[in-house]
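First the structure, in the form of structure tokens, and then the observations on it.
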Protein chains: 2
Amino acid sequence: MASASPAPPRVSRRRRAALPSETRFDRRLAKILTYATDVFYEKGYEGASMRDLSRASGMSLAGMYYYFESKEKLLYLIQKHTFTTIVERLRERLKDVTDPEQRIRVFILNHLEYFLANQKAMKVLSHEDDVLKNGFGTEIAAIKREYYRICIELLDNLKRAKGLEFSSRIAVLSLFGMMNWIYTWHHPRVDADAGEMAEQMGNIFLQGVCASGKAQKKRSAN
Amino acid sequence: MASASPAPPRVSRRRRAALPSETRFDRRLAKILTYATDVFYEKGYEGASMRDLSRASGMSLAGMYYYFESKEKLLYLIQKHTFTTIVERLRERLKDVTDPEQRIRVFILNHLEYFLANQKAMKVLSHEDDVLKNGFGTEIAAIKREYYRICIELLDNLKRAKGLEFSSRIAVLSLFGMMNWIYTWHHPRVDADAGEMAEQMGNIFLQGVCASGKAQKKRSAN
DNA sequence: ATTTTTGTCGAACGTTCGTTCTAATAATAG
DNA sequence: CTATTATTAGAACGAACGTTCGACAAAAAT
């Protein structure tokens with residue numbers, strides 16, 4: 001498996017890379033990724049076998065390996081695509097907003113909207129956080145760190161604008177916890193949609209950090 | 001494997017259930033549970049093999065099955081013990097406090113203190129949430145629902161006492177998210193201890209729900 | 001001292017795992 | 001219509017899986 005395998009014939013990947021920019025290969029691979037996401041969502045990465053994945057995709061076990069070289073790479077592709085997309089969309093949305101508080105609300109809304117619209121993929125991203133090894137793992141970790149950085153900066157801006165004082169790290173990670181935990185309990189039938197959820201979590205979080213950040217020393221309140 | 005196996009000799013479990021109330025068997029089993037928790041923490045339930053567990057326990061593969069009848073039962077024992085203990089301690093602590101806000105702070109402190117003192121077990125409880133099937137699964141789910149109920153009641157009391165209005169469900173599950181997510185990021189060397197963490201998360205959450213629950217209709221704030 | 005019980009182990013069971021070989025088909029091009 | 005390339009599948013690989021068996025040592029009871 002490791003070292004230099006003597007056979008380079010496989011791994012053609014992109015056809016001629018010419019015009020259509022989305023080859024049949026790419027489209028089929030994307031389909032497989034979707035089916036695989038379903039299976040990983042239901043059984044977890046370790047619990048899902050390649051045979052489960054092939055059955056769900058309607059493709060033979062061997063046929064799968066024409067599209068990707070290992071189960072681990074498959075998980076990597078899912079995570080990379082999901083995470084890249086959510087960061088992309090966030091950057092787009094942040095362009096329109098300047099108010100520090102609103103920018104945080106945009107962050108929360110973007111996260112929850114994408115999370116609930118792609119719940120399965122986001123569970124696979126959140127839950128199978130530390131299963132990728134070596135190169136794959138570090139690449140996903142880098143995107144994660146970047147996403148974290150963005151949120152920290154948004155919060156630091158709010159602190160500066162409002163003269164607040166609190167630990168950005170704990171606040172941000174608490175916020176991530178609130179949002180990411182959703183995959184364990186949200187049911188579209190009974191729970192509110194992303195907009196409503198973002199409103200409420202935004203309220204709790206923003207009023208929380210604003211109020212608690214104001215009092216340098218503890219106040220007895222009333 | 002299924003059906004009525006002809007051999008009833010195994011499954012003696014508790015020795016004579018008499019005086020010492022903690023037999024050698026129980027003590028050895030508890031040790032194994034601790035080692036197993038470490039392994040599940042590192043590799044996940046599906047990713048950890050019985051051979052991994054036997055190696056960590058310093059006991060032969062076959063020897064393990066003298067103490068429990070399956071890998072799933074082992075996970076069940078870990079989760080049950082962990083969850084039961086945290087609820088027990090909570091009940092004890094709540095006896096001393098009557099103020100609704102303080103009771104919620106007690107809840108948070110109890111959760112975080114136990115979480116950080118037993119981080120591995122708590123990850124195994126949080127992360128391997130839906131892997132137990134049938135009887136095992138429903139029993140753990142029942143404790144979880146009970147724990148959730150307690151928290152909802154604490155929050156409803158606060159709402160009544162302060163005349164607040166917000167969704168208890170979203171608030172509680174947000175709080176659980178904040179707290180449980182810790183297992184993904186908390187490092188004892190760099191992050192604060194449970195008391196400090198409970199203080200800060202308690203601030204964010206309580207000020208958050210209090211402030212956001214006061215305004216029935218949205219205010220433009222400033 | 002010997003029987004019974006309690007604890008432990010090496011070896012193996014049958015099954016499933018991720019992956020690969022080989023060869024046959026479908027699509028595309030000349 | 002052939003040559004070529006992209007795509008699929010059957011069968012098998014060795015390794016690892018959870019679990020069980022039967023024999024055996026240590027401890028406790030008689």
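Just so you know, these numbers come straight off a predicted model, no measurement behind them. Order of the sequence lines fixes the chain letters, A, B, ..., with proteins taken first and strands second; residue numbering starts at 1 for each chain.
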For residues A/His81 and A/Tyr76, is any side-chain donor paired with an opposing acceptor at under 3.5 Å?
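No donor-acceptor contact under 3.5 Å links the two side chains.
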
Test item: A/Ser126 side-chain N/O and A/Lys123 main-chain N/O as donor-acceptor pair under 3.5 Å
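No; judged by distance alone, with no hydrogens or angles, the pair does not exist.
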
Results of side-chain hydrogen bond (donor to acceptor under 3.5 Å, both in side chains) for [X] - residues two or more places apart only:
{"X": "B/Asn110", "result": "B/Arg93"}
{"X": "A/Glu101", "result": "A/Lys162"}
{"X": "A/Asp156", "result": "A/Ser168"}

Would you kindly check if the NZ (Lys) or CZ (Arg) of B/Lys159 is within the cone defined by 45 degrees around the ring axis of B/Phe166 and under 6.0 Å from the six-membered ring centre?
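Yes, cation above the ring, under 6.0 Å and within 45°.
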
By nearest heavy atom, map B/Arg24 and B/Lys71 onto DNA chain D; which one lands nearer the 5' end?
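In this pair, the answer is B/Lys71.
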
From [atom1] of [X] over to [atom2] of [N], roughly how many Å is that when rounded to an integer?
{"X": "B/Arg55", "N": "C/dT8", "atom1": "CZ", "atom2": "C1'", "result": "18 Å"}
{"X": "B/Met64", "N": "D/dT20", "atom1": "CE", "atom2": "P", "result": "14 Å"}
{"X": "A/Leu61", "N": "C/dT22", "atom1": "CG", "atom2": "P", "result": "17 Å"}
{"X": "B/Leu74", "N": "D/dG18", "atom1": "CG", "atom2": "C1'", "result": "13 Å"}
{"X": "B/Met50", "N": "C/dT8", "atom1": "CE", "atom2": "C1'", "result": "14 Å"}
{"X": "B/Tyr67", "N": "D/dT19", "atom1": "OH", "atom2": "C1'", "result": "18 Å"}
{"X": "A/Met59", "N": "C/dT19", "atom1": "CE", "atom2": "P", "result": "16 Å"}
{"X": "A/Ile32", "N": "D/dT7", "atom1": "CD1", "atom2": "C1'", "result": "11 Å"}

Is it true that B/Arg91 and B/Glu88 make a salt bridge, defined as a side-chain N closer than 4.0 Å to a carboxylate O?
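Salt bridge absent between B/Arg91 and B/Glu88.
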
Results of ring-ring contact (aromatic ring centres under 6.0 Å, His included) for A/Phe205 - residues two or more places apart only:
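For A/Phe205, no residue satisfies ring-ring contact (aromatic ring centres under 6.0 Å, His included) once neighbours in sequence are set aside.
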
Under-4.0 Å side-chain N/O to phosphate OP1/OP2 contact, A/Arg28 with D/dT8:
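So the side-chain polar atoms of A/Arg28 do come within 4.0 Å of the phosphate oxygens OP1 or OP2 of D/dT8, strictly under.
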
Less than 4.0 angstrom between a side-chain N/O of B/Tyr65 and OP1 or OP2 of D/dT19, yes or no?
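Affirmative; the distance criterion is met.
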
Choose from D/dT7, C/dC17, D/dT19 the nucleotide whose nearest atom is closest to any side-chain atom of A/Ser49.
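Nucleotide nearest to A/Ser49's side chain: C/dC17.
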
By nearest atom, which of the nucleotides D/dT8, D/dT19, C/dG7 is closest to the B/Tyr66 side chain?
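Taking heavy atoms from C-beta onward, the closest nucleotide is C/dG7.
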
Quick check: do A/Leu74 and A/Tyr67 have side-chain heavy atoms less than 4.5 Å from each other?
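A/Leu74 vs A/Tyr67: side chains apart.
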
At how many degrees, to 10°, do the end axes of the helix from C/dG7-D/dC24 to C/dG30-D/dC1 meet when each uses five pairs?
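End-to-end axis angle for the helix from C/dG7-D/dC24 to C/dG30-D/dC1: 10°, rounded to 10°.
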
Toward the 5' end of DNA chain C, which comes first, B/Ala62 or A/Glu72, by nearest nucleotide?
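Closer to the 5' end of DNA chain C: B/Ala62.
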
Is a donor-acceptor contact shorter than 3.5 angstrom present between the side chain of A/Arg51 and the base of C/dG18?
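Indeed, a donor on one side and an acceptor on the other fall under 3.5 Å apart.
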
For the residue pair B/Phe176 and B/Tyr147, is the inter-centroid distance of their aromatic rings smaller than 6.0 Å?
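Between B/Tyr147 and B/Phe176, which both carry aromatic rings, the centre distance is below 6.0 Å.
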
Tell me, which of residues 36-47 of chain A have any heavy atom that sits under 4.0 Å from an atom in DNA chain D?
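Nucleic-acid contacts, sorted: none.
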
